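In the text below, chain A, chain B and the rest are named by the order of the sequence lines, each starting its count at 1. Predicted model only: the values in this text are computed from it and were never measured.
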There are 2 protein chains.
Amino acid sequence: MKSTRIPRATIQRLAAYVQILETLSQEGEKVISSEGLARACGVNPSQIRKDLAYFGEFGVRGVGYYVQDLLTAIKQSLGIDRIWNVALVGVGNLGRALLRHKILRKRGFMVVGAFDCDPFKIGEEIAGLEVYSSKRLQELAQELNVEIGVITTPPKRAQRAANYLVEAGVKGIVNFAPVRIDVPENVAVEYVDFIHHLFSVAFNISLNLSKGLF
Amino acid sequence: MKSTRIPRATIQRLAAYVQILETLSQEGEKVISSEGLARACGVNPSQIRKDLAYFGEFGVRGVGYYVQDLLTAIKQSLGIDRIWNVALVGVGNLGRALLRHKILRKRGFMVVGAFDCDPFKIGEEIAGLEVYSSKRLQELAQELNVEIGVITTPPKRAQRAANYLVEAGVKGIVNFAPVRIDVPENVAVEYVDFIHHLFSVAFNISLNLSKGLF
DNA sequence: TTCTGTGAAAAACTTCACAGCG
DNA sequence: CGCTGTGAAGTTTTTCACAGAA
């Protein structure tokens with residue numbers, strides 16, 4: 001394992017590799033070359049070899065990578081070779097969808113607590129989980145051994161949700177609310193905002209159109 | 001307007017600037033400096049000036065940027081100064097959440113058609129929109145003047161959904177399914193996969209933990 | 001004076017090209 | 001022989017630093 005700082009982009013790509021390798025594994029493929037993997041995820045083959053080299057030597061020269069071994073190695077490198085307990089704050093449309101979506105659990109992220117500040121929602125049961133008052137976050141998160149918080153509140157309540165989560169001792173937050181949040185620097189934050197992707201598509205369409213016209 | 005190729009990262013950041021500027025605008029702020037904006041979205045001030053310079057000169061030296069003017073200018077540059085018609089394919093948990101979420105519409109993306117291949121879902125009404133058979137995509141998308149497709153199907157059906165959308169003449173696709181899709185190169189594609197962000201947070205937590213231990 | 005716009009420098013990231021191992 | 005692992009080259013993106021306009 002190298003000690004160089006690992007590019008953020010590499011982490012993003014590793015996540016993509018995991019997805020492709022899991023599909024390959026399900027399809028019964030045993031071996032994949034960097035070129036095959038590259039084609040499957042639209043990047044350069046040496047990019048893949050470089051990305052993997054940050055964490056170790058997982059391939060066999062002249063052969064390629066054993067799908068199952070590589071999958072295990074990447075998951076271990078990313079720290080996703082185990083289950084992470086997650087608390088979800090904000091039970092709106094998006095929050096509900098995430099709670100019902102099996103993908104979180106399938107990927108090793110188990111939502112062990114759902115929280116909201118709306119009295120009408122507190123006590124409701126969604127996907128087998130009771131909705132608790134956000135004020136009980138600190139108390140319950142410790143009890144439930146929560147490590148990651150997911151914020152799906154409206155933008156105005158995101159900072160408060162973040163505060164509760166930090167107080168409750170979570171070490172990472174995935175924020176779906178379209179606002180920046182302030183947290184201590186030892187808390188890892190990721191922002192998810194699909195509107196950005198729609199903007200990006202809109203921009204590219206406009207660009208293509210103008211290329212066609214002139 | 002410069003003719004250099006605009007970095008993808010710039011487009012992503014412009015989308016973030018839009019969000020912040022809209023908040024500022026609502027709060028009645030008239031002027032913002034590149035430094036203020038930089039602080040609000042966690043980037044370097046000259047990054048912001050560079051990003052904006054790709055599209056023109058929007059600032060006033062010694063003053064900063066007029067919030068409203070800058071907002072208008074960025075929206076125009078991104079091609080989001082108008083309404084885009086969107087077709088959504090795949091009415092599962094995520095699809096439903098997007099249909100009900102007001103944010104799409106608020107940002108200028110109007111879902112004008114919802115499609116699914118499950119006979120049980122066809123005919124259902126969600127957020128005032130009838131669910132149609134995916135097979136009718138081509139016919140209806142043209143009628144409804146759809147320009148962007150959003151795929152929220154399970155991974156296995158994503159490629160078929162993409163094919164339908166391309167046949168229907170959409171020029172851009174936002175794919176929420178965790179698989180790569182093949183489309184003609186004049187169709188802009190963006191992938192949305194929040195699991196990547198959870199992976200990223202998990203990795204960073206693991207990293208912080210190991211830093212703390214050694 | 002303040003704060004933008006921008007060349008030039010620095011850093012980060014990607015691709016190349018090939019040595020080296022199975 | 002084929003494909004990985006990797007230094008070196010190349011490219012892109014970010015940051016610096018300062019000239020110049022309001």
Side-chain angles (χ1 to χ4, degrees), chain A residues 1-17 20-21 24 29-74 77 196 200 203, chain B residues 1-17 20-21 24 29-74 77 196 200 203:
Chain A
M1 168 112 103
K2 306 275 179 73
S3 61
T4 339
R5 183 117 84 276
I6 292 150
R8 210 195 134 69
T10 291
I11 302 303
Q12 293 284 316
R13 280 191 300 266
L14 286 173
Y17 305 160
I20 288 160
L21 289 167
L24 288 171
E29 298 289 334
K30 294 281 178 262
V31 178
I32 183 94
S33 67
S34 61
E35 200 183 321
L37 194 50
R39 212 162 331 125
C41 58
V43 306
N44 184 295
S46 33
Q47 181 77 85
I48 288 181
R49 300 201 294 273
K50 261 276 145 77
D51 284 343
L52 297 177
Y54 284 111
F55 297 97
E57 302 193 6
F58 307 128
V60 182
R61 291 167 193 228
V63 178
Y65 301 90
Y66 291 107
V67 173
Q68 204 52 58
D69 293 357
L70 184 56
L71 195 49
T72 306
I74 297 180
S77 306
H196 286 15
S200 198
F203 171 70
Chain B
M1 166 113 108
K2 305 273 179 77
S3 61
T4 339
R5 182 101 91 267
I6 293 150
R8 209 195 135 72
T10 292
I11 302 304
Q12 293 284 318
R13 280 191 299 267
L14 286 174
Y17 305 161
I20 289 160
L21 289 167
L24 288 171
E29 298 290 333
K30 293 281 178 261
V31 178
I32 182 93
S33 67
S34 61
E35 201 185 320
L37 194 49
R39 211 163 329 125
C41 57
V43 304
N44 183 296
S46 33
Q47 181 77 84
I48 288 180
R49 300 200 295 274
K50 262 273 145 78
D51 284 343
L52 298 176
Y54 283 111
F55 296 96
E57 302 192 6
F58 307 127
V60 183
R61 291 167 193 229
V63 179
Y65 301 89
Y66 291 107
V67 173
Q68 204 52 57
D69 292 357
L70 183 56
L71 194 50
T72 306
I74 297 180
S77 306
H196 287 15
S200 199
F203 171 70

Length of the line joining [X]:[atom1] and [N]:[atom2], which is rounded to integer Å:
X: N44(A); N: dT11(D); atom1: CG; atom2: C1'; value: 13 Å
X: L52(A); N: dT14(C); atom1: CG; atom2: P; value: 13 Å
X: R61(B); N: dA22(D); atom1: CZ; atom2: P; value: 8 Å
X: R8(B); N: dT14(D); atom1: CZ; atom2: C1'; value: 18 Å
X: K30(A); N: dC3(D); atom1: NZ; atom2: P; value: 19 Å
X: Q12(B); N: dT14(D); atom1: CD; atom2: P; value: 11 Å
X: Q47(A); N: dC13(C); atom1: CD; atom2: P; value: 10 Å
X: E35(A); N: dC16(C); atom1: CD; atom2: P; value: 12 Å

Can you tell if the side chain of V43(B) reaches within under 4.5 Å of the side chain of L37(B), non-hydrogen atoms only?
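Answer no - side chains too far apart.
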Review point. Going by heavy atoms in the side chains, are D51(B) and Y17(B) under 4.5 Å from each other?
Key: yes
Query - Single hit among I6(B), I11(B), L14(B) for side-chain contact (heavy atoms from CB on, under 4.5 Å) with Y54(B) - result: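 Only one of I6(B), I11(B), L14(B) forms a side-chain contact (heavy atoms from CB on, under 4.5 Å) with Y54(B), namely I6(B).
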Options dT14(D), dT4(D), dT14(C), nucleotide nearest the side-chain atoms of A9(B):
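Within the option list, the nearest is dT14(D).
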So, OP1 or OP2 of [N]: does either fall under 4.0 Å of a side-chain N or O from [X]?
X: Y54(A); N: dT6(D); value: no
X: Y65(A); N: dG22(C); value: no
X: R13(B); N: dT14(D); value: yes
X: S46(A); N: dC16(C); value: no

Q | dT15(C) base / K50(A) side chain donor-acceptor hit below 3.5 Å | A | yes
Here the gap from T72(A) atom OG1 to Y66(A) atom OH, rounded to the nearest 0.5 Å, amounts to 14.5 Å
Is it the case that atom CD in E35(B) sees more than 12 heavy atoms from other parts of the structure closer than 6.0 Å?
no
Sorted by position of nearest nucleotide on DNA chain C, 5' first, the leading residue of G62(A) and P7(A) is P7(A)
